[in-house]
Amino acid sequence: MPFFLSTSATATATPLCPPPSPYPSPHFRLPSPPRRGLAFLAASAPQRDLFPTPRQAMASLATSTAAAAAAEVTHLSQRDAADIDEQLMGPLGFSVDQLMELAGLSVATAVAEVYKLSEHTRVLIICGPGNNGGDGLVAARHLYHFGYKPFVCYPKRTAKPLYSGLVTQLESLAIPFVPVEDLPQDLSGQYDIVIDAMFGFSFHGTPRPPFDDLIQMLVSLSVVGDSAKRPPIVSVDIPSGWHVEEGDVSGGGIKPDMLVSLTAPKLCAKKFTGPHHFLGGRFVPPPISSKYGLELPPYPGTSMCVRIGKVPSVDISSLRENYISPELLENQVMPNPFDQFRTWFDEAVTAGLREPNAMALTTVNKAGKPSSRMVLLKGVDKQGFVWYTNYGSQKAHDLSENSNAALLFYWNEMNRQL
Ligand SMILES: NC(=O)C1=CN([C@@H]2O[C@H](COP(=O)(O)OP(=O)(O)OC[C@H]3O[C@@H](n4cnc5c(N)ncnc54)[C@H](O)[C@@H]3O)[C@@H](O)[C@H]2O)[C@H](O)CC1
Ligand SMILES: [K+]
C-alpha cells in the first residue's frame with residue numbers, strides 16, 4: 001500500500017557553486033531526537049518517483065524521431081525549393097522579410113545550441129548578394145542579442161530597402177563590417193565560428209569574385225587537421241559553391257561542420273557529412289507540406305530549429321563548462337541551512353528552472369550498498385524534507401534497514417547545488 005514517507009535521516013547539504021569553495025561544507029543535522037529511519041505519516045499518497053512528464057517524454061520522442069527520420073526526410077530539388085519560396089510569398093501571404101527573419105533566427109538558435117557562448121564568442125558572418133546573405137544579416141543580429149560578438153563581411157550589398165534596413169540595424173548595434181581585404185588569410189586566430197551565408201538555392205555555375213576567394217578561405221580552414229584548433233564553419237541552407245543538387249562535385253569545396261537547412265534540406269544535403277545537421281524555417285504551412293509530400297521532423301517545444309541526422313558521438317573528456325558565478329563565501333551562507341535551502345529553492349522556482357524540486361536521494365542498505373535515484377520534493381519544514389514512496393520500493397527498504405540518507409538538489413542553470 002502506498003504511503004507518505006518523510007526521512008529524518010542525516011542529510012548532507014553542500015550549498016556551493018562550482019568551482020569548489022575554500023570552506024568546508026556545512027552538514028544538516030535534523031532536529032533531534034531524529035525520527036526513526038522511516039516515518040510513516042500517512043498512507044494515501046501514490047508513489048511519485050521522477051517518472052518522465054508527458055513533456056519530457058515528448059522531448060525525447062522528438063529527439064529519437066528526428067534521428068530515426070533522418071533517412072526519410074524529404075530533400076528538395078532546386079526547382080521545388082524556388083517554387084515553394086514563390087508560393088509562400090505569393091498565394092500563402094508571406095513577405096520575404098518575414099521568412100528571412102524566421103530563417104535567420106533559426107540559424108542563430110541552431111548555432112547557439114551547438115556552439116556555446118562560453119567557448120565561441122567571435123562570429124564572422126560572410127554574406128552573399130541574395131536572400132542567403134540576408135539570412136546571414138538577420139542571424140548576425142540575433143547572435144548579437146544572444147551575447148555573441150558578430151563581425152560581418154558583406155562585399156556585394158544589394159540596394160533594396162530590406163537589405164539596407166538590415167545593415168542599418170547591425171550598424172546601430174555597432175557590429176563591425178569587415179572588408180574582404182581586411183580578412184586575414186587564416187581566419188583561425190580571429191574568429192571562433194564562421195558562418196557561410198554566401199549562396200543558397202539559387203546558386204549556379206562557379207562562384208565569381210570576390211566569393212571565389214572567400215570560398216577558398218573557408219576551404220583552407222576546413223582542411224586544418226585538428227578541428228578543435230579552428231573555428232567551425234556553419235553553412236546556411238547550402239554549403240556555398242556546392243551544386244544545389246549534386247553537392248561538392250569537384251571534391252574541393254567547403255566542408256562545413258554544421259549545415260542549417262531551411263524549409264527542407266536540398267538534395268545536396270545528402271552529401272553533407274559534418275557532425276551537425278539542423279533544420280530551420282519553422283513556417284511551413286500544411287498546403288506546402290501536402291503538395292510536396294514533405295516528411296520533416298517535428299520541432300521540439302518552441303524551438304526554431306531541430307537536429308536532423310545522427311547525434312554525433314561526444315568525446316566525454318572534452319565536455320567542460322566555464323562556470324561564471326558570483327563569489328560565495330562562508331559568511332554569506334545563512335546560519336540555518338533550512339533557510340538557505342528555502343531562499344535558493346525560491347530563486348530556482350522564480351528563475352523558471354524545470355522541476356527545481358527534483359532531487360537525488362541516496363539510501364544505503366544494511367550491507368552498506370548505496371543506491372541513488374531522482375525523486376520529487378513534496379514539502380520541507382524544520383523537521384526535514386518530504387517525498388513520497390511506497391513500502392515496496394527499494395528506498396523504503398533501504399531506509400528501514402539504515403536511516404542514513406543524502407539528498408542533492410542540482411540547479412545547473414544557476415550554478416548551484418545543495
Ligand atoms: N523558403 C525558404 O526556405 C527561404 C529561404 N531563404 C533563403 O534564401 C535563399 C535563396 O535566396 P536567393 O536570393 O534566391 O538566392 P541566393 O541567396 O542563393 O543567391 C542569389 C544571388 O547570388 C548570385 N549568384 C548566383 N550564382 C552565382 C555565382 N556563381 N557567382 C556569384 N554570384 C552568384 C545571384 O546573382 C544572386 O544575386 C535560400 O537558400 C535561403 O537561404 C529566405 O531567406 C527565406 C525563405
Ligand atoms: K550558404
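As the structure lists them, so they are numbered: ligands from 1, and atoms in each ligand from 1. Quick caveat, the model's predicted, so the values are computed rather than measured.
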Can you pull out the closest protein heavy atom to [atom]? Residue, atom name and distance to 0.1 Å, please.
| atom | result |
| --- | --- |
| atom 13 (O) of ligand 1 | Asn131 N, 2.8 Å |
| atom 4 (C) of ligand 1 | Asp85 OD1, 3.4 Å |
| atom 41 (O) of ligand 1 | Asp135 OD2, 2.6 Å |

Do any of the N/O/S atoms of [X], backbone or side chain, fall under 3.4 Å from the K ion (ligand 2)?
| X | value |
| --- | --- |
| Ile238 | yes |
| Ser235 | no |
| Gly136 | no |
| Ala197 | no |

4.0 Å heavy-atom contact, [X] with ligand 1:
| X | answer |
| --- | --- |
| Phe211 | no |
| Thr206 | yes |
| Pro207 | yes |

Students often mix this up, so state it plainly: with edges at 30° and 60°, are the rings of [X] and [Y] parallel, tilted or perpendicular?
| X | Y | value |
| --- | --- | --- |
| His276 | Tyr115 | perpendicular |
| Phe94 | Phe283 | tilted |
| Trp411 | Phe341 | tilted |

Going by atom types only, do [X] and [Y] share a side-chain donor-acceptor pair under 3.5 Å?
| X | Y | answer |
| --- | --- | --- |
| His75 | Glu295 | no |
| Arg373 | Thr363 | yes |
| Tyr292 | Gln87 | yes |

Q) Going by heavy atoms in the side chains, are Val194 and Ile126 under 4.5 Å from each other? A) yes

Q | Among Arg208, His204, Glu86, Gln98, closest by any non-hydrogen atom to atom 35 (O) of ligand 1 | A | Arg208

Q. Nearest to atom 17 (O) of ligand 1 by heavy atom, Asp212, Leu262, Asn132: which?
A. Asn132

